[in-house]
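For reference, the structure discussed in these notes is given below.
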Amino acid sequence: MESSTIAIQDLHSSGENAIQQAAQLLLDEFQVLAPDAWQTWDDALKEVQASLQPDRISRVAIAHGRVVGWSGGIHQYSHAWELHPLVVKASHQRQGLGRRLVADLEAQVSDRGGLTLYVGSDDETGLTSLAQQDLYPNPLEHLATLQNLHSHPYTFYPHCRIQG
Ligand SMILES: CC(C)(COP(=O)(O)OP(=O)(O)OC[C@H]1O[C@@H](n2cnc3c(N)ncnc32)[C@H](O)[C@@H]1OP(=O)(O)O)[C@@H](O)C(=O)NCCC(=O)NCCS
């Protein structure tokens, strides 16, 4: 499906079904990257509900009435926001939707006076050369030789460029 036909909107005005569909996305799409992050339906639902707090940003991508992507922002420090989470349904990946969700979140953060959007990502399943390594005492040496072995999402982020 063409990514531009998909609307991105606030989750809090998208209804209970959208909340449940966002929770299902977490359970389905983090199996490879972080299989233990949300082990039960309740864990996933709590994560989505937490994103609806007034100091958070929670945005969903809707295609034909169903949630196919979800992005969130958590206010940290004075002018910085953490991107958490970011997920696109497998059937809609590699079509530009992840990049659109990040650009949309950047605009939302900017509207709130934010200057920085940052992201952290784990490697619990051996997707990169950093997995199961003792990174100390020289963690930056390991970082300098970082390799993406099995499509870890960190190489997605350089494809996102601030618009305008
Ligand atoms: C990471 C994720 C959000 C990317 O969403 P997406 O819709 O597939 O991304 P896009 O189609 O917008 O990709 C934009 C660019 O990044 C590239 N890209 C996407 N995922 C990539 C990956 N895992 N590794 C390398 N490049 C990637 C695309 O090829 C595209 O390249 P282009 O600019 O040459 O066209 C999606 O794969 C996902 O939800 N994964 C599971 C959950 C996850 O890992 N979330 C991130 C946690 S940090």
Side-chain angles (χ1 to χ4, degrees), residues 1 3-125 127-128 151-164:
M1 172 180 294
S3 161
S4 58
T5 64
I6 298 172
I8 299 176
Q9 61 192 49
D10 277 334
L11 175 59
H12 78 257
S13 54
S14 301
E16 184 57 33
N17 283 349
I19 290 171
Q20 303 219 355
Q21 290 162 16
Q24 193 63 50
L25 270 189
L26 283 185
L27 291 177
D28 291 345
E29 308 306 344
F30 276 90
Q31 285 302 320
V32 175
L33 181 67
D36 297 330
W38 300 279
Q39 294 188 342
T40 67
W41 170 253
D42 276 356
D43 292 342
L45 200 55
K46 276 183 194 150
E47 183 76 45
V48 181
Q49 284 163 343
S51 81
L52 296 171
Q53 292 165 10
D55 59 340
R56 300 268 290 258
I57 300 171
S58 191
R59 304 278 287 172
V60 281
I62 306 279
H64 299 299
R66 293 196 65 83
V67 172
V68 295
W70 178 34
S71 66
I74 304 174
H75 192 193
Q76 309 274 15
Y77 311 111
S78 60
H79 292 83
W81 291 70
E82 179 181 2
L83 192 170
H84 173 84
L86 175 68
V87 59
V88 171
K89 192 173 172 64
S91 57
H92 290 70
Q93 289 178 9
R94 304 280 179 149
Q95 297 166 49
L97 184 54
R99 188 164 34 206
R100 274 190 65 203
L101 280 164
V102 172
D104 171 83
L105 195 65
E106 284 171 347
Q108 295 289 322
V109 164
S110 176
D111 286 350
R112 290 161 175 78
L115 299 174
T116 300
L117 182 63
Y118 69 92
V119 63
S121 189
D122 301 327
D123 181 8
E124 297 171 1
T125 53
L127 302 183
T128 75
S151 202
H152 187 282
Y154 81 85
T155 36
F156 155 76
Y157 291 99
H159 292 267
C160 302
R161 291 281 182 269
I162 291 177
Q163 310 291 312

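Reckoned from all heavy atoms, side chains included, excluding hydrogens, waters and symmetry mates.
His92 has its side chain within reach of Ile6: a pair of non-hydrogen atoms, C-beta onward, lies under 4.5 Å apart. In this structure, the side chains of Thr125 and Pro35 come closer than 4.5 Å at one or more pairs of heavy atoms. Residues Val67 and Ile62 form a side-chain contact, since some pair of their non-hydrogen atoms from C-beta on lies under 4.5 Å apart. Trp41 places a side-chain heavy atom less than 4.5 Å from the side chain of Gln20. With a 4.5 Å cut-off on side-chain heavy atoms, His152 and Leu33 count as touching.
In terms of modelled atom types and a separation under 3.5 Å, the side chain of His12 and the main chain of Gly15 share no donor-acceptor contact.
Shown here for Gln93 and Val88, the closest heavy-atom pair between the two residues is NE2-O, 2.8 Å. Between Gly73 and Leu105, the shortest heavy-atom contact is N-CD1, 4.1 Å. Shortest non-hydrogen contact noted between Gln76 and Tyr118 is CG-OH, 3.3 Å. For the pair Glu124 and Ala34, the tightest heavy-atom approach, listed with the atom from each and the gap, is OE1-CA, 4.0 Å.
Under the side-chain hydrogen bond (donor to acceptor under 3.5 Å, both in side chains) criterion, Thr40 pairs with Asp43, not counting sequence neighbours. Every residue was checked against the side-chain hydrogen bond (donor to acceptor under 3.5 Å, both in side chains) condition with Ser71, not counting sequence neighbours, and none meets it. With sequence neighbours left out, Gln21 forms a side-chain hydrogen bond (donor to acceptor under 3.5 Å, both in side chains) with no residue at all. Under the ring-ring contact (aromatic ring centres under 6.0 Å, His included) criterion, Trp70 pairs with no residue, sequence neighbours left out. Taking the side-chain hydrogen bond (donor to acceptor under 3.5 Å, both in side chains) definition, one finds that Glu47 meets it with Trp38, His84, sequence neighbours left out.
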Q.
Using the rule given for side-chain contact (heavy atoms from CB on, under 4.5 Å), can you reason through Gln108 versus Asp104, listing the C-alpha separation, both sets of side-chain angles and the distance that settles it, and then say yes or no?
A. CA-CA 6 Å; Gln108 295 289 322; Asp104 171 83; 4.1 Å; yes
Q. Passes side-chain contact (heavy atoms from CB on, under 4.5 Å), Leu86 versus Val119? Steps please.
A. CA-CA 10 Å; Leu86 175 68; Val119 63; over 6 Å; no
Q: Please assess His79 against Thr116 for the test side-chain contact (heavy atoms from CB on, under 4.5 Å), listing each intermediate value before the final yes or no.
A: CA-CA 6 Å; His79 292 83; Thr116 300; 5.9 Å; no
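In this structure, Leu83 CG and Tyr157 OH are separated by 5.5 Å, a value rounded to the nearest 0.5 Å. Interatomic distance, Ile19 CD1 to Leu45 CG, rounded to the nearest 0.5 Å: 7.5 Å.
Residues in residues 6-31 take part in these salt bridge (Lys or Arg N to Asp or Glu O under 4.0 Å) pairs, two or more places apart or across chains: Asp10-Arg59.
By the 6.0 Å contact criterion, CZ on Arg112 is enclosed, its count of non-hydrogen atoms from other residues, nucleotides or ligands being greater than 12.
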